Amino acid sequence: MKTTDARTFQEIDARQQKRWQEMNAFRAERLPGKPKFYCLDMFPYPSGDGLHVGHPESYTATDIISRYKRMKGFEVLHPMGWDAFGLPAENYAISTGVHPRVTTEKNCATFKRQIKALGFSYDWEREVTTIDPGYYKWTQWIFLQLFNKGLAYEAEVPINWCPKCKTGLANEEVYQGKCDRCETPIEKKSLKQWMLRITAYADRLLEDLEGIDWPHSTRLMQENWIGRSEGAEVDFELPSIGEKLRIFTTRPDTLYGATYMVLAPEHPFVVKITAPEKKSEVETYVAAAANKSDLERTELAKDKTGVFTGAYAVNPVNGEKIPVWVADYVLITYGTGAIMAVPAHDDRDHEFATKFGLKMIEVLKPPADWKGEGAFCGDGTSINSGVITGLPTPEAKKRIIAWLKEKGIGEPKVNYKLRDWVFARQRYWGEPFPLVHCDKCGVVPVPESELPVRLPEVENYEPTGTGESPLAVIESWVNTKCPKCGGPAKRETNTMPQWAGSCWYYLRYMDPKNDKAFVAGDIEKAWMPVDLYIGGAEHAVLHLLYARFWHKVLFDLGHVSTKEPFRKMVHQGMILSYAYRDSKGAYRNYKELEIAEDGTAKTSDGEIIKPVVEKMSKSKKNVINPDEVLERYGADPFRLYEMFMGPLEDTKPWNIRGIEGVNRFLKRAYAWGLERHSALTDHEVSGQDLILRHQTIEKVGADIEALKFNTAISALMIYLNRLTEQKETARADFETFLALLHPFAPHITDELWEVSGGQGTLMKQAWPAADKAVIASRELEIPVQVNGKIKEKLHVKETTTQDEIKRLALEAAAPHTAGKTIVKTIVVPGRLVSIVIK
RNA sequence: GGGCUUGUGGCGGAACUGGUAGACGCGACGGACUUAAAAUCCGUUGGCCGCAAGGCCGUGUGGGUUCGAGUCCCACCAUGCCCACCA
């Protein structure tokens, strides 16, 4: 190679990115005229730390797919944007006074610069930002559609309150009783909140999971989160107050085993039924339960507590008088807030009954192979249970429900764990609600013509802490006219949660500048659904459930044409890295250490420390900065390494040494291309070389389709190894290699393409076609096993008949079978021959 | 406690619907080039025995099904993630 011709990878990155921009290479047509492919990344929250190496992992994957699909003749929609509302910018504003918009815009610019440096083929004309009034106008508009449909309502509800963030949180934002963002224990606080009736869509959100190509685990998580359970509601008489207590159970077949009842501490009947002599004890218990945070309630879960109210209920199936207790293991938020307790057949009831010495009655016979202890909770056969005695559980359930209904004491009922979505935050940096409160007219939506309701400038970002947002103190903004009656009215001062903007951004990309509609109908029909969506698994139930909900609402209103937004969903695995912790337990920055061959490190004071593979975080000082990798290697090695590390969906450790391999490969490819491009031969290669070309075409294409980028790269390495051995390079091999490598390493391949006289970008060239006939002409090595051990190997054409292979195998194995009886011979076409002897 | 995921060389990882375990790469070792180093190139590289031919062992552990198991079944151990008193 003449080194004078060579450019550094960084020079190549800059040159090719400039060329792509000049030829407007990534622009997607407004309406696709060819088969379409909508390839979507989860848009990032632009944090102040900039990109970390986890972001480009999924972006590289979608970029490979996008470039590949374009080469396969698809019109590809591949956009990027910013999920830019959010707490960090607001918290930063509180401490520094810098407007969140300023911080956010700066962060967006950094993210954009870093993403562009990697050469991803995004159509930047379609960039969207959730904080842009032209965008949140439509977020507000969609909210109004929900409002008008009765899916948004105000309710005074006990909400999860983070005392540090001074805001309400959705259940989904509470992690182990703590605030998802700041880890402060969550308290309960009663506030008037905007709620979205996601529960109205519970069944459809559940059912429609069937039709989409999503990871099994994500579907399961959504199923569990929705938590549908079928059972019955049953009324129990409370003779002391002459009322009925309604309970929910999924096991109505165990009704005869109900020996006591439990009310949640917040249940309205608690006060009514408590016997005078139990009053103070019950009140004390209820007050204590009210003061427990979610965290405490969770931590104390193992040890059940409760008190007897002194009242009794009547079991409707057998007339038994059973005691009514109050205990906080029963939740007011689920079912009816009251249960019948069947200690013989429920673990929790069993534990409670054991602790308080309550009666247990067995009404289920376990299957013969059951050898558990304590309560039997599975399916068995009903015993001592009146009309259902002798029936297996599923049948017993049906029968008893029918019987209860007939007698007027119960009815079938479906319950969900899913709660309505608390859709309001007492914060500044979010979308304002397009609503005003009028004394005369109540809650009135802002007319569509007045959207967006813009976020006003404030001086103080500090939440009021009283449950009102910082917006509440801006009187000039709050005081307005009622759109209905023209009288004085006040604006809603809560803002929408961060999830709002991300619920529909994938729709806006299709038609980002439209100011008449969030997306034009014909454009929506042409592009939807999203064909491939890649993003983190941490959104399995949050964003991905909310977005499906909004999409279904829009579908019902006729605004979108598909009932599900994302046809195929894939989660990229997390990238971990080596963290070094010294003997004092302090994390050391890997850059300040002397790293040995085996990965162990030596500190400046001579201490040897072993690395631990951990999630990247600032506090662990093991964050890999993409800028540094780019500076040292360039964009293509970075992209290639992220894909070569392992399967996209796996968690895998970043090892800076690993990049050396792909860097060498690209350097060899570049050197080979520079050396050969001017002396390509036009005559066709044959034999193994031709077979290898077509095998590689087939393998790389199939692997890209299956998102198995690591093995696609290894096939390309094998191909290049052979090409560099050849004395002459056929034009067809040169072009094939560049085309196949292009989606992975677009800069270097386009550089070689350009240098060799090619026009435009390889991305606009056709993907090479694999010739199956050529592949079929290859020679196979067929191992011959004798009693499971490989003894010989046959070399045959793929077209050789089974009989012939069998004959050859028996012949070859003759020395090993001499004097023995051949019991059977198994020929697996294209694989092996197995001979069993005795 | 429940659900799901994953266990393969020194390391990252390959292995189609049960069919040659360890592709490809890193690292290591040996060699070439060089005054030298870097870079590059060539060779070796799962373990054990053997001069070799070859043999034995080997995919977390213990069983099982099968001509054949990394792959299927049962039990156990370990890992990571999610949910966590939802009646």
Side-chain angles (χ1 to χ4, degrees), chain A residues 1 175-177 215-221 223-225 227-229 231 247-252 254 262 264 297-298 300-304 327-331 333-342 345-349 351-352 377 415-419 537-538 540-541 571 573-574 576 597-599 615 640-641 644-647 649-665 667-668 671 702 708 710-718 721 724 780-790 793 823-837:
Chain A
M1 173 180 119
Y175 176 70
Q176 294 185 342
H216 175 68
S217 58
T218 304
R219 281 176 46 170
L220 262 172
M221 267 190 243
E223 277 169 24
N224 293 337
W225 193 265
R228 184 181 200 273
S229 39
I247 59 98
F248 172 72
T249 178
T250 55
R251 294 301 298 264
T254 61
V262 187
R297 237 164 124 146
T298 313
L300 299 171
K302 291 144 220 156
D303 195 19
K304 291 206 167 28
D328 67 2
Y329 81 92
V330 173
L331 309 174
T333 50
Y334 187 76
T336 63
I339 61 154
M340 65 168 193
V342 185
H345 304 294
D346 181 281
D347 287 329
R348 296 152 304 186
D349 297 346
E351 192 192 329
F352 190 82
C377 308
N415 255 312
Y416 300 91
K417 288 186 199 171
L418 186 69
R419 302 272 73 103
E538 68 274 19
V541 283
H571 302 302
M574 212 187 308
L576 311 175
E597 303 296 356
D598 59 357
K615 195 170 158 177
L640 212 61
Y641 176 57
F644 192 58
M645 266 194 292
E649 297 177 73
D650 286 9
T651 303
K652 44 210 171 290
W654 178 280
N655 184 345
I656 195 65
R657 276 208 200 84
I659 201 170
E660 293 293 348
V662 292
N663 190 43
R664 266 175 221 160
F665 164 67
K667 274 158 71 180
R668 286 200 304 132
K708 289 163 71 176
N710 52 336
T711 50
I713 294 166
S714 96
L716 287 165
M717 287 171 166
I718 294 168
N721 285 346
T724 53
L780 297 175
E781 191 184 64
I782 306 283
V784 180
Q785 290 185 348
V786 177
N787 281 359
K789 301 262 182 211
I790 292 159
K793 283 173 183 175
V823 181
K824 64 172 149 175
T825 307
I826 298 148
V827 180
V828 184
R831 287 287 165 194
L832 56 49
V833 180
S834 182
I835 300 167
V836 187
I837 58 172

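This structure is a prediction, so every number in the text was calculated from the model and none was measured. Any value given below was found using the heavy atoms of this structure, including those in side chains, with hydrogens, waters and symmetry copies removed. In what follows, every chain begins at residue 1, and chains take the letters A, B, ... in the order their sequences are listed.
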Subject >> 4.5 Å side-chain heavy-atom contact, A:T249 and A:V342 >> reply: no
Original post:
Taking any strand in view, what nucleotide pairs with B:A39 in a Watson-Crick or G-U wobble way, both distances under 3.5 Å?
Top reply: none
**OP:** Take atom P in B:C77 and the same atom in B:U66, then report the distance between them in whole Å.
**Re:** 28 Å
Original post:
Using a cut-off of 4.0 Å on non-hydrogen atoms, how would the nucleic acid contact of A:I826 be classed: base, sugar-phosphate, or nothing?
Top reply: base
Original post:
Can you tell if the side chain of A:S834 reaches within under 4.5 Å of the side chain of A:V828, non-hydrogen atoms only?
Top reply: no
Original post:
Between A:R668 (side chain) and A:T724 (backbone), is there a donor-acceptor pair under 3.5 Å?
Top reply: no
**OP:** Output all residues satisfying side chain to side chain contact (heavy atoms under 4.5 Å, CB included) with A:V827, sequence neighbours left out; order by chain, then residue number.
**Re:** A:Q802, A:I805, A:K806, A:V833
**OP:** Using a cut-off of strictly less than 4.0 Å, decide whether A:S229 has a side-chain nitrogen or oxygen near OP1 or OP2 of B:A87.
**Re:** yes
Subject >> Rounded distance in Å between the P positions of B:A15 and B:G7 >> reply: 12 Å
Original post:
Think A:R664 has a side-chain N or O under 4.0 angstrom from the OP1 or OP2 of B:C26?
Top reply: yes
Original post:
Atom CD of A:E538 and atom C1' of B:C81: how far apart are they, to the nearest Å?
Top reply: 12 Å
Original post:
Looking for any heavy atom pair under 4.0 Å, which part of the strands does A:I718 touch: base, sugar-phosphate only, or nothing?
Top reply: sugar-phosphate
Original post:
Is there side-chain contact between A:I339 and A:Y334, with heavy atoms separated by less than 4.5 Å?
Top reply: no
Original post:
A:V662 or A:G227: which one's nearest nucleotide on RNA chain B is closer to the 5' end?
Top reply: A:V662
Original post:
How close or far is atom P of B:A38 from atom CG of A:N663, stated in whole angstroms?
Top reply: 17 Å
**OP:** Determine the interatomic distance between C1' on B:G80 and the same-named atom on B:C85; round to the nearest Å.
**Re:** 25 Å
**OP:** Measure the distance from CZ on A:R668 to P on B:C24 and round it to the nearest whole Å.
**Re:** 12 Å
**OP:** Using the C1' atoms only, state how far B:C11 lies from B:G46, rounded to an integer number of Å.
**Re:** 13 Å
Original post:
If you measure from the P atom in B:A28 to the same atom in B:U79, how many Å do you get, rounded?
Top reply: 32 Å
Subject >> Under 3.5 Å on both distances, the Watson-Crick or G-U partner of B:A23 >> reply: none
Subject >> Sugar-phosphate, base or nothing in reach of A:S834, heavy atoms under 4.0 Å >> reply: base
**OP:** Measure from the side chain of A:L331, starting at C-beta and using heavy atoms only, and say which of B:A39, B:C24, B:A87 lies closest.
**Re:** B:A87
**OP:** Round to the nearest Å and state the distance from A:Q785 atom CD to B:U20 atom C1'.
**Re:** 8 Å
**OP:** Measure the NZ-CG distance between A:K793 and A:L832 for me, rounded to the nearest 0.5 Å.
**Re:** 11.5 Å
**OP:** Side-chain contact test, heavy atoms from C-beta onward, threshold under 4.5 Å: evaluate it for A:M340 versus A:T254 and give yes or no.
**Re:** yes
Original post:
For B:C85, does OP1 or OP2 lie under 4.0 Å from any side-chain N or O of A:K304?
Top reply: no
Original post:
Who does B:A75 pair with, Watson-Crick or G-U, both distances under 3.5 Å?
Top reply: B:U61
Original post:
For B:A28, what is the paired nucleotide under Watson-Crick or G-U wobble rules, both distances under 3.5 Å?
Top reply: B:U44
Original post:
A:E351 CD to B:G2 P: how many Å, rounded?
Top reply: 14 Å
Original post:
Closer than 4.0 Å, any side-chain N/O of A:R657 to the OP1 or OP2 of B:A28?
Top reply: no
Original post:
P atom, B:U5 versus B:C74: distance in rounded Å?
Top reply: 13 Å
Original post:
Could you state the NZ-C1' distance from A:K789 to B:U20, rounded to the nearest angstrom?
Top reply: 13 Å
Subject >> Pairwise C1' distance, B:U6 and B:G50 [rounded to whole Å] >> reply: 39 Å
**OP:** Figure out the CG/P separation between A:L832 and B:A21, and round it to whole Å.
**Re:** 9 Å
Subject >> Among B:C57, B:A87, B:C82, the nucleotide that comes nearest once only the side chain of A:M221 is considered >> reply: B:C82
Original post:
To the side chain of A:H216, which of B:C57, B:A87, B:U5 is closest?
Top reply: B:U5
Original post:
When we call it a touch if two heavy atoms are under 4.0 Å apart, what does A:L220 touch: a base, just sugar-phosphate, or nothing?
Top reply: sugar-phosphate
Subject >> In B:G27, glycosidic geometry as syn within 90° of 0 or anti otherwise >> reply: anti
Subject >> Closest-nucleotide 5' rank along RNA chain B - winner of A:G661 and A:V833 >> reply: A:V833
Original post:
Can you tell which of B:C82, B:G3, B:C67 lies closest to the side chain of A:N224?
Top reply: B:G3
Subject >> Under 4.0 Å protein heavy-atom contacts per nucleotide of nucleotides 7-15 of chain B, with B for base, S for backbone only and - for none >> reply: -----BSSS
Original post:
Does B:G19 have OP1 or OP2 sitting under 4.0 Å from an N or O in the side chain of A:K793?
Top reply: no
Original post:
So, the side chain of A:D346 versus the backbone of A:A341: is there a donor-acceptor pair under 3.5 Å, distance only?
Top reply: no
Original post:
Looking only at side chains, do A:N655 and A:Y641 share a donor and an acceptor under 3.5 Å apart?
Top reply: no
Original post:
Which pair of non-hydrogen atoms, one from A:G830 and one from A:I782, has the smallest distance, and what is that distance?
Top reply: C-CD1, 3.7 Å
Original post:
Below 4.0 angstrom from OP1 or OP2 of B:G25, is there any side-chain N or O of A:N721?
Top reply: yes
Subject >> Rounded distance in Å between the C1' positions of B:U40 and B:A53 >> reply: 37 Å
Original post:
Roughly, in whole Å, what's the span from CD in A:E649 to C1' in B:C4?
Top reply: 14 Å
